[in-house]
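This report refers to the structure that appears directly beneath it.
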Amino acid sequence: MYPILTNHWLQTGESNFSRARNLLRKGLFIFPLIGLLAAANQAFSAEASLPEHQVKALFLLNFTKYVEWPAEAFTDPGSPIVIAVLGESKVTQELQKAIAGRNANGRPIVLKHLASGEDPGVCHILFITAAEQQHASAILSKLGHTSVLTVGESNDFLDSGGIINLARRDQKVALEVDLNAARNSGITISSKLLSVVALVKGKAK
Amino acid sequence: MAILKTISRGRWRLKSLLHRWGLPPALVRRWQAKCQRNLEGRCRNASFIGTLVCLMGRAQAQEANLPPFKDPAELSLEELVNVKVDSVFSASKYEQKVTEAPSAVSIVTADEIQKFGYRTLADVLRGVRGFYVSNDRNYSYLGSRGFLRPGDYNTRYLFMIDGHRMNDNIYDAFWIGTDGVLDVDLIDRVEIIRGPSSSIYGNDAFLGVINIITKTGSQLNGVEASVEAGTFDTYKTRFSFGKKFKNDLEWIVSGSFYDSAGQEKLYYPEFDQRISSDPRARNNGMARNSDGEESHQFYTSLTYHDFTLTGLYHSRTKDVPTASFGSFFGNGREQTTDDRAFVELKYEHQFGETTEVSGRLSYDAYPYLGRYPYDYGTNNRPADVVNDYDGAFGDWLTTGLQLKQRIFDRHTLIVGTEYRENLEQHLYNYDNQRTTLLDDHRQSRNFGAFAQVEAVLRTNLLVNAGLRYDYYSTFGSTLNPRVALIYSPWDKTTFKLLYGQAFRAPNDYELYYGVASFNQGANPELKPETIRTYEAVYEQYLPAHLRFSASSYYYQIDNLISQTPAPTTAIFVFQNVDKVEAEGLEFELEGKYPGGLLARLSYALQRTVNADTGDVLTSSPRHLIKGNLILPLYKDKIFAGLELQYQSSVETLSGGRAKDFLIGNLTLFSKEIVKGLEVSASLYNFLDTKYAFPGAGDHLQDTIRQDGRSFRIKLTYRF
């Protein structure tokens, strides 16, 4: 149907031999890649990716280490740090697993699950799940300036008065912090924690 | 743009700077010197490979100090903020973990788009395991699983922007190359779902679904301006603004201009009158200044609480150097313009923890006009060139409702409906001297209803089953199921067994485009094409941040719509004739490391044949090998992105072969060296490989040669 003509550059008289050599030469570029993968296999080990709820649970666990509460937030030096989770979330189960047998700066960690609308009572970290975000403003204003580290997972959590938001960005969980809200609650966030924060309220890092 | 054009046409010709390397030699020398300095004198080898190997060695030495394998609970804060949480939306219309998706899935993020210097969606898809893209110097064509038909405008993939169906109502097409509709800079991620998904998405979800998720206003958080310049006098500018306001209003708006002079001259031996007997041959086979391109686009999205209003407009004009469709060669007047626009209002609301409702209402339009010069004279010169105009206009309304319900906190049910009213499907063809050759107005509608359930049978065993019913006013109804069994015997191991059916409805062009003088007839009796697929997927998380996945498949396509001569006449019509079988294996090994190091290697072995003759299809490579590497060179400020892609030879329409090739692309990307400034410099096809893709039936050329080495420099500034 069509005249069978090869392209102009196919007719430059390149022999099969030199073509093969050409390809081989180009193929050499692949070796660094394979070498790297092999070397990487030896050199590193750890987990590749984790479910979102697990990462969030691990952040909550880490907060117990990198946040300081005023002394009056605890009845005595050995009393536990209480993490309350408001609303249904897989984070609760993950957290339950993660805190097993752990303590933070000598204090045991206790997990409390709150149903929708339930009063948080005494707690040090309050995690408001996405499903409960609609009530966040009410809950947060009720807490007032008590020393509770409030943590959320919704875009507008900081705007409703929360202290730390676990935001989804580029398929990672990023931290957003409102320092004023933290200061008002009498909570000190360590510089180590602040060094990994993606957004301090009002301005990008 | 006018200024840029003046510069480019004036004294300061960029081309003169390109030299043989596609880059000014001084720049290359300076860059090499810089690389050398970075090596802290450890590697003195100045060769390119040497530099690369040294850089890699260095990165390893740095990263090797990482702690050995540990319990996730021991991850430090730095590690936690860098952990990828892989989830994918498109496979089941809701977010789920990649390992639980009822398909073999790949995700390409904005980060990779930057660091690999991707310019178009075609660039993105070329980097994905098992996908390949061909180009005829006008449009780009997507292939996977050994199936690509040159001249078929990507009709066997469903393309979506944030879940909005983008395939048009004339050709069922979507443009992915420089013709692409959405600026890649606005993409947050691209989800690539392999295999059929008609059980949930209906038409076009035949070989795969490609869902483009856009960036939000809060992600952009400010003003961004971007300019880029590259080989062939190519320029692009973009201006974007995004913000989330106090009152919960989130807004993103962006506009881009693209302009390219293209190759100054292209040689086609088929049109060289000295060696070709074709009556259209002339100009010694040289197409001059007929590869130019211009496009502009506008995108905006406004979100307020549960409502999102999105608008998009895109227009692209390309000079076609190939004299396709039998048009006149060498005067540079063949040209196509494709526009695309839509407005969509979306409502999404979550009721408590268990119920999600969403609804959509949208208006879409697709105008197309092509100008084809034809020689109406006899074969003797002088030529009597007349412009023929081939055009189409389609617009349509779509509405859909969807409910997602969690049951007993374990299972998930989705039900939904979709209705589309094609207000206008207009095909026309006329020339500027004689007659109207075609003027076909149609209206049609289709309706779909679907249900999908994900049932957790045991903690490590999921069943995902879906069924969709579709009714088309053109051909009737069709029912398409999909079943997936997802089994994770161990924490880091997942097996999937997938069965699916899908269809592609005959499009308006295939049904009604008939012009007797073009020897092309309409066939309103066409039935949909169907596909049945069987696939097994194995995914394994390995130590050392590595992930391995393998997939084997068998596809069977029936009633494939092909243009063939009608019985007893010389008229070509589309008919449900062909039967295709595809089988293959795909492997991928990927490592992602803290600090941004990424390495990925994939291999696809495929055999796709015409089931009646046993012949391998045209444009169906047997092997595809891809390597991708992102190397952090300096802190999290400078990165190198390297891509290598090998494609084995393929058969052309005439029975010849387009030879195998290896393409390499290299990008250096830096951010925050100057506050707010991102700079990227890319060399595409740095090996300067000479390669070509098979032409389609409308080309005289058996293969169409592609660009050699080219470069691009891009600056993006955030205010």
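To find a chain, count down the sequence lines: A is the first, B the second, and so on, and within it residues start at 1. Predicted model, so just to flag it, every value in this text is computed and none were measured. Values below: all heavy atoms of this structure, side chains included; hydrogens, waters and symmetry mates excluded.
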Between [X] and chain B, which part of the residue has a heavy atom less than 4.5 Å away: side chain, backbone, both or neither?
{"X": "A:Lys65", "value": "neither"}
{"X": "A:Asp156", "value": "both"}
{"X": "A:Leu193", "value": "both"}

Under 4.5 Å, heavy atom to heavy atom, which residues of residues 131-143 of chain A contact chain B? A:Ala131

Please determine if A:Glu88 and B:Arg406 form a salt bridge, counting it only when a charged side-chain N lies under 4.0 Å from a carboxylate O. no

Per-residue contact mode, B:Gln350 against chain A (heavy atom under 4.5 angstrom): neither

Would you mind checking which part of B:Lys244 comes under 4.5 Å of any heavy atom in chain A, side chain (CB onward), backbone (N, CA, C, O), both or neither? side chain

Rounded to the nearest 0.5 angstrom, the CG-CD distance for A:Asn155 and B:Gln219 is 9.0 Å

Quick check for you: to the nearest 0.5 Å, what is the distance between B:Leu77 atom CG and A:Ser190 atom OG? 7.5 Å

A quick test of your reading: do over 12 heavy atoms of other residues, nucleotides or ligands sit less than 6.0 Å from CD of A:Glu118? yes

Would you say that A:Val55 contacts B:Leu80 through its side chain, given a criterion of any heavy-atom pair below 4.5 Å between the two side chains? yes

